[in-house]
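We name chains A, B, ... by the order of the sequence lines, and we start the count at 1 in each one.
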There are 2 protein chains.
Amino acid sequence: MSDGALVVDNIGLLITNDPSLGHGPLGQLDDASVVIEDDTVVAVGPAGAVADVRIDAEGACVLPGFVDSHTHLVFAGDRAEEFTARMAGQPYDGGGIRVTTDATRSASTTTLDRLVQARLGEAHRAGTTTIEIKSGYGLNIDDEARTLEIASAHSDETTFLGAHLVPTEYQSRVDEYVDLVCGPMLERAAPHARWIDAFCEVGAFDVDQCRAVLEAGRAAGLGLRLHGNQLGVSGGVRLAVECGCASVDHCTYLDDADIDALAGSDTVATFLPAADFSTRQQYPDARRVLDAGVTVAIASNCNPGSSYTTSISFCLALAVREMGMTIDEAVYAATAGGASALRRHDVGRLSIGAKGHLVILDAPTHHHLAYRPGVPLIRQTIGPLARYNI
Amino acid sequence: MSDGALVVDNIGLLITNDPSLGHGPLGQLDDASVVIEDDTVVAVGPAGAVADVRIDAEGACVLPGFVDSHTHLVFAGDRAEEFTARMAGQPYDGGGIRVTTDATRSASTTTLDRLVQARLGEAHRAGTTTIEIKSGYGLNIDDEARTLEIASAHSDETTFLGAHLVPTEYQSRVDEYVDLVCGPMLERAAPHARWIDAFCEVGAFDVDQCRAVLEAGRAAGLGLRLHGNQLGVSGGVRLAVECGCASVDHCTYLDDADIDALAGSDTVATFLPAADFSTRQQYPDARRVLDAGVTVAIASNCNPGSSYTTSISFCLALAVREMGMTIDEAVYAATAGGASALRRHDVGRLSIGAKGHLVILDAPTHHHLAYRPGVPLIRQTIGPLARYNI
């Protein structure tokens, strides 16, 4: 980004997500331009603004860059064999998440950093301009701190997820592992993290264990978020609301009490449809959640086990096809919704004073993101991840 | 393609689809190279071949270019509003296919040609190297001939689909329209087409009308293919087998008699999963069809009404997630299967003497095409559509 002003002009349809700037909940404008100075939107409006650098949108649709509020980008290796076996309905005990933990622990910091940068470039080309990155494949003090340090070099939105899974060496001593997470591991991790997260699910951590992790994180000055209700009604959603989490993620299984709890809270329900796709899980009923007035986000959950995609376009096409969301709702959820899940007001919208992070599509409307599934429609992404586009 | 020899070297995993060249039904080789001369594979084998031009695959997976055996690429306009309304569950009578027919008839030949070229570029970047193109939005003598002439400038695999839908002006005179299709329209279309096709479905043409169209096409020297069983058990599949069609496409609803008929025939069952996705239709049970020994293809059905995608990767990820196909079966169906649906043996496989049309992935295996859904994994496509990559 140059220091001078940049104008994106000749925009056929501009989605601002700011109803004060345009019509409808997405704040839409026809024939508009956006002026950006110092990475900040300084003007939005009719075509014709002048600036030092001009990008001609050629009549295409422009929208805020995607805010991907849930990823696990710091890992080594992949698990294509496990995915292939699962899709073929075959039993496969290749070790699951432990494969990734082992590969990540034994990878050099240089290697991990290179892998993160490659994934950030891929996300950038797919239109993402703000990205949350979790730890959770270190699962010991040094490797949790190391992976967060790598992540924090690339994003302000880093999340300590020591409570991702119980590592092999603590298999029969779960409470001891939780104490480690809440104590020395958190102490080393906190300087590199904005958030703390835990995986509240049968087979991972129960509600009381997750509450302990969240409370320790809060005491250490971290914001709170939670994985919950991916595989069943786990109590995760209600815990997230009780603790005032910014977001509870997955929300595949929700009962009426969960929806009531969310509706009376500031906790965002974040859906991860690509994980439901890649694990052949049922899809959540987002319609029910939206109709209850809950703020909804869509994120990629990029990770090698259950959702190895960086494509928010793919996620929102699934949300529309499978989860009962309209395209407008899905686009909002993947931009302003993701921002809410990170308690950010400066991204996910093109309001005056917001970050000048946006996407120019190879299409006349944002509806084409679902109408043209699988087609890479991101012509250009303007935002801080551009430096990874190598 | 230069006249000299080209080697693609340093291939980590090569999928040839030729069991005589490598292991398993996909004829896989590790650490291989492919040598191409005059657009033809002249050698496949261990690394180290020399040639005038070398492309380093950097250890990635290489497979035959996708053979997309079912598209409707020649059209003007789009129908994003109709799609958006359908996904929102709203009634919408925007005119359906007639919108596309009107827009196509009134577009200049230059405009239509430019649109086709843009779509071919998109398909090429997505890994397609052979593409079938149907008419079917002209629906009068001049416009069917004109759209086929445009298509035939870009592909040898052109299909006359005058029997796509009954145009408004013949609404109450269907048999008269069928006579037109079988007579003067076919006469003008045939010089520009290799194939004839019809849409056998309630609301389009019945079995007898489709039989008449296919028989007229055969008499005019065209190969036969059919749209059938998209919305119900229409009799299309059995008609296709009876007539010896190369392929019957959609096959979303199949009864036991349909599967028996296919299993005893040379007719390929072509699945179009992106159409089932975009119309929120059920998915076909491909497992049942494969287990009966039927040859299966996967194609995009790229068209503005029910499947506006050129991404075969997206289609095969759906086939794996939703239709009970293994990844190997889906990749085969999108390459060698598509070739069978076009009765071609020179594409869809990297046998000696086949066309040197291939894809280099940004991934170590072909399984990543489904494992990394929505991610554009096609690093480079080598094939005749390269000239559209503008």
Side-chain angles (χ1 to χ4, degrees), chain A residues 61 78-90 118-119 122-123 125-126 274 276-280 287 300 302 304 307-322 324-330 362-378, chain B residues 78-90 118-119 122-123 125-126 273-274 276-280 287 300 302 304 307-322 324-330 362-378:
Chain A
C61 176
D78 75 32
R79 280 157 46 204
E81 284 182 24
E82 175 186 324
F83 174 82
T84 301
R86 181 166 67 238
M87 287 297 117
Q90 292 162 356
R119 289 168 195 143
E122 191 181 278
R125 290 188 292 279
D276 303 314
F277 182 90
S278 291
T279 59
R280 216 179 257 144
R287 182 77 267 135
S300 73
C302 183
S307 183
Y308 197 4
T309 187
T310 47
S311 172
I312 294 290
S313 302
F314 176 70
C315 298
L316 71 82
L318 286 180
V320 168
R321 166 56 156 86
E322 304 288 359
M325 297 179 76
T326 67
I327 305 178
D328 281 7
E329 288 167 340
D362 253 330
T365 79
H366 56 301
H367 293 161
H368 286 68
L369 291 166
Y371 174 48
R372 308 216 57 210
V375 178
L377 286 185
I378 310 299
Chain B
D78 74 32
R79 281 160 43 207
E81 284 183 24
E82 175 187 323
F83 175 81
T84 302
R86 182 166 67 238
M87 288 296 118
Q90 291 160 358
R119 290 168 195 142
E122 191 181 278
R125 290 189 292 278
D276 303 314
F277 183 91
S278 291
T279 59
R280 216 180 257 144
R287 181 78 267 135
S300 73
C302 184
S307 183
Y308 196 5
T309 187
T310 47
S311 173
I312 294 290
S313 301
F314 175 70
C315 298
L316 70 82
L318 287 180
V320 168
R321 166 56 156 86
E322 304 288 359
M325 297 179 78
T326 67
I327 305 178
D328 282 7
E329 287 167 341
D362 252 330
T365 78
H366 55 301
H367 293 160
H368 287 68
L369 291 166
Y371 175 47
R372 308 216 56 210
V375 179
L377 287 184
I378 310 299

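The heavy-atom pair separating A:His366 from A:Asp328 by the smallest distance is NE2-OD1, 2.8 Å. Nearest heavy atoms, A:Arg321 versus B:Asp276: NH2-O, 2.9 Å. Across every non-hydrogen atom of A:Cys302 and A:Thr310, the tightest pair is SG-CG2, 3.9 Å. Minimum heavy-atom separation, B:Ser307 to B:Ala274: OG-CB, 3.3 Å.
Between chain B and the options A:Thr365, A:Asp78, A:Val320, heavy-atom pairs under 4.5 Å are most frequent for A:Asp78. Most heavy-atom pairs under 4.5 Å with chain A, from the set B:His368, B:Glu322, B:Glu81: that is B:His368. In terms of heavy-atom pairs under 4.5 Å with chain B, the best-connected choice from A:Cys315, A:Ala370, A:Ala80 is A:Ala80. Ranked by non-hydrogen atom pairs under 4.5 Å with chain B, the options A:Leu318, A:Val375, A:Thr326 are led by A:Val375. Of the listed residues (B:Glu122, B:Met325, B:Met87, B:Arg287), the greatest number of heavy-atom pairs within a distance under 4.5 Å of chain A belongs to B:Glu122. For the set A:Arg280, A:Glu329, A:Arg79, the count of heavy-atom pairs under 4.5 angstrom toward chain B peaks at A:Arg280.
For A:Tyr371, the parts lying near chain B are the backbone and the side chain together; criterion is any non-hydrogen pair under 4.5 Å. When heavy atoms are compared at a cutoff of 4.5 Å, A:Pro364 approaches chain B solely by way of its side chain, counted from C-beta outward. Residue contact with chain B, scored on non-hydrogen atoms closer than 4.5 Å, involves the backbone and the side chain of A:Ala317 alike.
One N or O on the side chain of B:Thr309 and one on the backbone of A:Pro373 form a donor-acceptor pair closer than 3.5 Å. A distance-only check finds a donor-acceptor pair linking the side chain of A:Arg86 to the backbone of A:Ser278 [under 3.5 Å].
Residues A:Tyr308 and A:Phe83 keep their aromatic ring centres 6.0 Å or farther apart.
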